[in-house]
Amino acid sequence: MVIAKPLYRPLKLEILYYLSIRIKLSSNEKQYYLNLKKGYEGEREFASWLKDLSDNYIILYDVLLEHNNSLFQIDALVLTPTIVYLFEIKNYEGDFYIESDIWYTSTGNEIKNPILQLRRCESALRSFLQSCGYTLPINSHVVFTNSEFALFQAPRNQPIILPAQRNRFIKDLNMNAPHSKNYTLAKQFMSAHLQQSPYNLAPKFDYNSLKKGIICATCGAFLSPTKNVQFVCEHCGHKEKIDTSILRSIREFEILFPNKKITTNIIYNWCKIIYSKKTIRRILSKNYMIVGHGKAAHYVPK
């Protein structure tokens, strides 16, 4: 297989992860963060399903498109010269059932019908393909990746792939593998993909409101000061070189404050537990490029 667009952790999920550690999120913000996290974990699981696909399949993950003044998100696409596979990925956990095309949790709470979501996405995708000059058939499925998911009373012949069908699903795809790759269509998707959604649902925050310090790469706990060459997390025991930890914190600062200038003083304050500004200056000078002079001096990526 060829991965034309790899799966990365979404920027909004990364921002919410950092904010969940440094400020107190509201209950709605926390639930939104947890939903994003669970969705991304489901997409990662599905990506692991596809790792053994035939070489002539081209895969794109997490594609955001705008067509006819409407945005639509595609979890995963598998392209061939003769057919397009569309996948809506769900990481649901627990028991669910269907009555009269309405989906419910085991406690009787109604949820959005994922089949209807799939059909809307399929319709938008078909219109997009036609605008690009393609009339390829679309084979679409809702994929449930969580092994703890169970669905009852589902009608037959629904476009659903359950965890227990994983191996058979991959085997069927490989049996029908194409003899060539559709690079042209993949490039058109990549060209049309929007890097960021115009709708930013992250909570409002500013530099002064965030708790300062370096967080553990493994568990997210705040690290304690050290005079050694590495940090040891008191919460989980994870060890990491000081330079690596500081570089992570600088990257976090860049993500949260893309419009702020990177200076020795602000990173020293951001990391908080570093004793010497010389350490910060050394790491910045080694990994970034300094521009400007005097008080206007700041660092930018090389």
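These numbers come from the heavy atoms of this one structure, side chains and all, not from hydrogens, waters or symmetry mates.
A donor-acceptor contact shorter than 3.5 Å links the side chain of K212 to the backbone of L210. A donor-acceptor distance shorter than 3.5 angstrom exists from the side chain of T80 to the backbone of T82, with no hydrogens or angles considered. Formation of a donor-acceptor pair under 3.5 Å by the D206 side chain with backbone atoms of N208 is found in this model. At least one donor-acceptor pair closer than 3.5 Å links the side chain of W270 to the backbone N or O of S249. Between the D62 side chain and the D75 main chain, no donor and acceptor come within less than 3.5 Å of each other. Within the 3.5 Å criterion, the main-chain N or O of H179 finds a donor-acceptor partner in the side chain of N56. Remark: the backbone N or O of N139 is not paired with any side-chain donor or acceptor of H141 at under 3.5 angstrom. Side-chain N or O atoms of Q153 include none that pairs as donor or acceptor with a backbone N or O of Y97 at under 3.5 Å. With hydrogens and angles disregarded, a donor-acceptor distance shorter than 3.5 Å links the side chain of E29 to the backbone of S26. Of the possible donor and acceptor atoms, one in the side chain of N113 sits under 3.5 Å from a partner among the backbone N and O of I115.
When each of V78, N182, L77 is paired with V84, the side-chain contact (heavy atoms from CB on, under 4.5 Å) condition holds for L77 and for no other. For the side-chain hydrogen bond (donor to acceptor under 3.5 Å, both in side chains) with S140, the qualifying choice from R119, R126, E88 is R119, the only one to do so.
Using a cut-off of 4.0 Å between Lys/Arg side-chain N and Asp/Glu carboxylate O, R22 and E252 are scored as salt-bridged. At a threshold of 4.0 Å, the pair R166-E45 counts as salt-bridged, since one of the basic side-chain nitrogens sits closer than that to a carboxylate oxygen. Salt bridge absent: K286 and D243 never bring a charged side-chain N and a carboxylate O closer than 4.0 Å. Using a 4.0 Å cut-off between a side-chain N of Lys or Arg and a carboxylate O of Asp or Glu, K260 and E254 do not qualify as a salt bridge.
Contact of the I161 side chain with the W49 side chain is registered, since non-hydrogen atoms from C-beta on lie closer than 4.5 Å. In this structure the side chain of K241 never reaches within 4.5 angstrom of the side chain of V229, judged on heavy atoms. Inter-residue side-chain proximity for T105 and D95 is flagged as unmet; no heavy-atom pair is nearer than 4.5 Å. You'll find the side chain of I290 stays beyond 4.5 Å of the side chain of H298, heavy atoms only. Between Q73 and V63, every side-chain heavy-atom pair lies at or beyond the 4.5 Å cut-off. Looking at L129 and C132, their side chains never come closer than 4.5 Å, going by heavy atoms from C-beta outward. The shortest distance between side-chain heavy atoms of C121 and L86 falls below 4.5 Å.
For the 3.5 Å distance criterion, the side chains of Y207 and N269 qualify, holding a donor opposite an acceptor. With hydrogens and angles left out, the side-chain atoms of T107 and N109 include a donor and acceptor closer than 3.5 Å. There is a side-chain donor-acceptor pair under 3.5 Å between Q31 and N35.
Linking Ile, Leu, Val, Met, Phe, Trp and Tyr whenever their side-chain heavy atoms come within less than 4.5 Å leaves M1 and L60 in two separate clusters. By the rule that hydrophobic residues join a cluster once side-chain heavy atoms approach within less than 4.5 Å of another member, L65 and L136 end up as members of one cluster. Linking Ile, Leu, Val, Met, Phe, Trp and Tyr whenever their side-chain heavy atoms come within less than 4.5 Å puts I246 and I255 in one cluster. Cluster membership check: I138 does not share its hydrophobic cluster with L116, using side-chain heavy-atom separations under 4.5 Å among Ile, Leu, Val, Met, Phe, Trp and Tyr. Note on I273: it clusters hydrophobically with I21, by side-chain heavy-atom contacts below 4.5 Å among ILVMFWY residues.
Residues Y17 and Y40 keep their aromatic ring centres 6.0 Å or farther apart. Ring pair F128/F189: centre-to-centre distance below 6.0 Å. Aromatic ring centroids of Y92 and F144 lie under 6.0 Å apart. For F222 and F231, the ring centers sit 6.0 Å or farther from each other.
Remark: Y8 OH is loosely packed, at most 12 non-hydrogen atoms of other residues, nucleotides or ligands lying under 6.0 Å away. Atom NZ of K5 is surrounded by more than 12 heavy atoms from other residues, nucleotides or ligands within 6.0 Å. Heavy-atom neighbours of K302 NZ from other residues, nucleotides or ligands within 6.0 Å: above the threshold of 12.
Across every non-hydrogen atom of I23 and S209, the tightest pair is CG2-O, 3.4 Å.
Taken from CG in L223 to CD1 in I215, the straight-line distance is 8.5 Å, to the nearest 0.5 Å. Considering OG of S123 and CG of L118, their distance stands at 11.0 Å, rounded to 0.5 Å. Rounded to the nearest 0.5 angstrom, Y299 OH and I262 CD1 are separated by 10.5 Å.
In this structure, K277 forms a cation-pi arrangement with Y268, its terminal cationic atom sitting closer than 6.0 Å to the ring centre and no more than 45° off the ring axis.
Qualifying salt bridge (Lys or Arg N to Asp or Glu O under 4.0 Å) partners for R281, counting only residues two or more places apart in sequence or in other chains: none.
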